[in-house]
Structures are given as C-alpha cells and as structure tokens.
Amino acid sequence: MLVPAHPRYVDALDPSGRPTRVPFIAYELFEHPTDGTVALAFTTPARLVAALGEAQPWVATSIGPLAEGVREHGVTVRVDPRVAPGHPNWQSADLAAYAREVR
C-alpha cells in the first residue's frame, strides 16, 4: 500500500551525549465526512497521484501494520478512496520548503 506520509525528525542525544537528529515517518491523516479521522492508502502510484497530486510524499507499507498502528488512535484506513477534486494536499513548493526545513 502507498500511504501519504513524510519524514520527521526529533532532536535527541546519542549514547555518547552528542546532539543528533532521529528520523521517523509520520503518516498523514485526513478528515472524512462520515468516518472522522482516516489514513488513506492506495494500491497504485497512479491512484495516489489522481487523488492527492503528484507532489504528495508517500511511503510503501503493508495494510496490516498500518491498520493496527492507527486503530489504537481511533483512526480507520480508507483504501483507494475517491477524493473530491480540489487543491492537492502538497504542492511542489511545499516539498522544496520542507527540504530546506529538514536540512
């Protein structure tokens, strides 16, 4: 499954006490009119792009671990959802700004 997500970082100390940045992946969550907060998952890159635009960052994952991980937070997974046409979630400028931020 292809899931809208992007890397995040937290500042921490390594075992020797030196500052370091620890990376992790943050799934993006969306509001659904009847299901509340949902995670979206797509079976092909084309479906993800059609729904959220070509600048949308994503990760590949298995549906089981994704569903289990978000269920404990009251979030459901919608597979290949229809998304109303409109403004894409991420624009090319958003990716450029994000890249500058995490350097």
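For residues 1-14, the salt bridge (charged side-chain N to carboxylate O under 4.0 Å, His left out) pairs, not counting sequence neighbours, are Arg8-Glu101, Asp11-Arg21, Asp14-Arg18. Applying the salt bridge (charged side-chain N to carboxylate O under 4.0 Å, His left out) test to residues at least two apart or on different chains, the pairs with a partner in residues 42-51 are Arg47-Asp80. Identified under the salt bridge (charged side-chain N to carboxylate O under 4.0 Å, His left out) test for residues 55-65, with sequence neighbours left out: none. Residue pairs meeting the salt bridge (charged side-chain N to carboxylate O under 4.0 Å, His left out) criterion with at least one member in residues 64-74: none, sequence neighbours excluded.
For Ala93, there are no side chain to side chain contact (heavy atoms under 4.5 Å, CB included) partners two or more places apart in sequence or in a different chain. The side chain to side chain donor-acceptor pair (under 3.5 Å) test applied to Thr34 returns His32, not counting sequence neighbours. Shown here are the side chain to side chain donor-acceptor pair (under 3.5 Å) partners of Arg82, two or more places apart in sequence or in another chain: there are none. Partners of Pro45 by side chain to side chain contact (heavy atoms under 4.5 Å, CB included), not counting sequence neighbours, listed by chain and number: Leu2. The side chain to side chain donor-acceptor pair (under 3.5 Å) test applied to Glu28 returns His6, Gln56, Asn89, Trp90, not counting sequence neighbours.
Under the 4.5 angstrom side-chain criterion for Ile, Leu, Val, Met, Phe, Trp and Tyr, the cluster partners of Ile63 are Met1, Val3, Ile25, Tyr27, Leu29, Val59, Leu66, Val70, Val75, Val77, Val79. Grouping Ile, Leu, Val, Met, Phe, Trp and Tyr by side-chain contacts under 4.5 Å, direct or through others, puts Phe24 with Val10, Val22.
Counting heavy atoms from C-beta outward, Val83 and Phe30 have side chains that stay 4.5 Å or more apart.
With rounding to the nearest 0.5 Å, the separation of CG in Leu48 from CD in Glu54 is 11.5 Å.
Taking each heavy atom of Ser92 and Ala55 in turn, the nearest pair found is N-CB, 3.7 Å.
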